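Just so we're clear, the structure is a prediction, and the values are computed from it rather than from any experiment. All chains are named by letter (A, B, ...) in the order of the sequence lines, taking the proteins before the strands, and each is independently numbered beginning at 1.
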Amino acid sequence: MRLATWNVNSIRTRADRVAAFLQRHDVDVLALQETKCRDDQFPEMVFSALGYEVAHVGHSQWNGVAILSRVGLDDVTLGFPGQPCWADDTSCEARALAATCGGVRVWSLYVPNGRTLADPHYTYKLEWLGALRDSAAGWLAEDPATPVALVGDWNIAPQDDDVWDMSVFSSATHVSALERAAFQAVVDAGYTDVVRPHTPGPGVYTYWDYTQLRFPRREGMRIDFVLGSPAFASRVTNALVDREERKGKGASDHAPVVVELTD
DNA sequence: ATGGTCGTTAGACGA
């Protein structure tokens, strides 16, 4: 089974590109982040025509997460228990969606950006990650036999070599001690980065800012991750970051991450 | 030259 995750930065703009990616990599399950549309705007036909079922949650032009699967899409869950809400939203932002696909519990996650260290959004980010850790620890305790994958845009660069130049990030989000501790807490809860062993750095990134020629200059960040429970991690045989998808006109600012599992 | 580019949208805001 092949599982992928991709912050697409608008599914309506990139539906055809995503469809081509699914076929090129023979992907069974794809988690998407930043679909940037409401449920009624999601271009489901493009993917159903290729044999994929679709689960999506999106309330507005912001956020939005989806899971596409051609190996079953069951027990769809919107949000995780305890997921904090932003500002005065009556409903939580569309940043977490789960489904069971081919026996794997897949969570498509779009961790809040944080904006700046002084912004309330940064506090929200840390609380969000803390609540995710607590829930994820519970899933593992309740049912360790079911493989669980926490995948998506974590908006954290856990190691110094996950950014091209640490001096640029001296007082920025994504690399702060608290964010890294929040990420590590999920790892400590039993979820392993299954991609890094197959894609050792430095210089391996999943995101490059659109501005300042970041991509051609190879100035990126590794912020998209597949964290697997022990039952998931033990089945991973290969992983890659498809840097080709960041090239050319009409690319997302993120590259997809692909993981291969034994059946 | 204190920006640079995208996406949502119709003036900004978010990333």
Side-chain angles (χ1 to χ4, degrees), chain A residues 5-19 21 31-44 46 56-66 84-89 91-96 108-129 151-158 162-165 167-176 179-180 182-183 205-225 241-257:
Chain A
T5 183
W6 195 2
N7 179 322
V8 277
N9 188 19
S10 170
I11 188 59
R12 286 177 290 172
T13 296
R14 266 173 275 286
D16 291 341
R17 198 168 176 132
V18 171
F21 162 78
L32 295 169
Q33 300 84 38
E34 277 208 273
T35 56
K36 288 188 164 177
C37 67
R38 299 186 307 269
D39 291 345
D40 63 286
Q41 297 174 307
F42 193 97
E44 188 173 341
V46 176
H56 175 257
V57 57
H59 306 308
S60 67
Q61 72 269 46
W62 308 121
N63 314 306
V65 284
C85 297
W86 171 241
D88 53 2
D89 281 2
S91 64
C92 287
E93 292 183 310
R95 292 181 178 276
S108 181
L109 303 169
Y110 178 42
V111 175
N113 175 285
R115 298 179 186 166
T116 67
L117 297 179
D119 197 294
H121 208 260
Y122 178 73
T123 309
Y124 169 55
K125 180 179 192 174
L126 296 174
E127 289 172 352
W128 202 95
L129 287 161
V151 314
D153 178 359
W154 291 76
N155 270 316
I156 297 171
D162 292 334
V163 298
W164 78 95
D165 182 355
S167 69
V168 174
F169 293 84
S170 57
S171 55
T173 59
H174 293 60
V175 301
S176 72
E179 287 164 281
R180 287 179 168 180
F183 183 89
Y205 307 126
T206 64
Y207 163 86
W208 300 259
D209 196 299
Y210 281 128
T211 67
Q212 299 178 277
L213 300 173
R214 291 297 187 211
F215 183 66
R217 289 179 178 171
R218 298 180 176 268
E219 297 173 344
M221 305 169 73
R222 193 203 289 253
I223 57 176
D224 299 87
F225 296 96
V241 178
D242 186 7
R243 195 175 177 283
E244 295 300 304
E245 282 294 351
R246 183 61 180 79
K247 295 180 179 176
K249 196 171 166 63
S252 169
D253 43 4
H254 293 251
V257 179

A:Phe215 atom CZ is separated from B:dC6 atom P, nearest whole Å, by 13 Å
Please determine, by modelled atom types, if A:Thr5 and A:Gln33 share a side-chain donor-acceptor pair under 3.5 angstrom.
-> yes
Do you know the tightest heavy-atom contact between A:His56 and A:Thr35?
-> NE2-OG1, 2.7 Å
Taking atom P of B:dC6 as reference, at what distance in whole Å does atom CH2 of A:Trp208 sit?
-> 16 Å
Closest heavy-atom contact between A:Arg218 and A:Tyr205?
-> O-CE1, 3.4 Å
Whole-Å gap separating P (B:dT8) and NE2 (A:His59) | 18 Å
Using atom C1' of each nucleotide, how far apart are B:dA15 and B:dG4 to the nearest Å?
-> 15 Å
5'-most contact on DNA chain B: A:Arg14 or A:Gln212, nearest heavy atom basis?
-> A:Gln212
Figure out the CZ/P separation between A:Arg38 and B:dG7, and round it to whole Å.
-> 19 Å
Base, sugar-phosphate, or nothing: which does A:Arg214 touch, judged by heavy atoms less than 4.0 Å apart?
-> nothing
Output a table of donor-acceptor pairs, distance under 3.5 Å, between side-chain atoms of residues 109-118 of chain A and any protein atom two or more places apart or on a different chain; print 'none' if there are none.
| unit_1 | atom_1 | unit_2 | atom_2 | d |
| --- | --- | --- | --- | --- |
| A:Tyr110 | OH | A:Glu34 | OE1 | 3.3 |
| A:Asn113 | OD1 | A:Arg115 | N | 2.7 |
| A:Thr116 | OG1 | A:Asp119 | N | 3.3 |

All N/O contacts under 3.5 Å from nucleotides 13-15 of chain B to the protein, with atom names and distances to one decimal?
| unit_1 | atom_1 | unit_2 | atom_2 | d |
| --- | --- | --- | --- | --- |
| B:dA15 | OP2 | A:Arg115 | NE | 2.9 |

Euclidean distance for P, B:dG3 against B:dG7 (whole angstrom) | 22 Å
Closest non-hydrogen atoms of A:Phe169 and A:Met221, given as atom of the first, atom of the second and distance, are CE2-CE, 3.5 Å
Is the distance from OP1 or OP2 of B:dT8 to the nearest side-chain N or O of A:Thr13 less than 4.0 Å?
-> yes
Taking all heavy atoms of A:Ser252 and all of A:Asn9, pick out the closest pair and write down the distance.
-> OG-CB, 3.8 Å
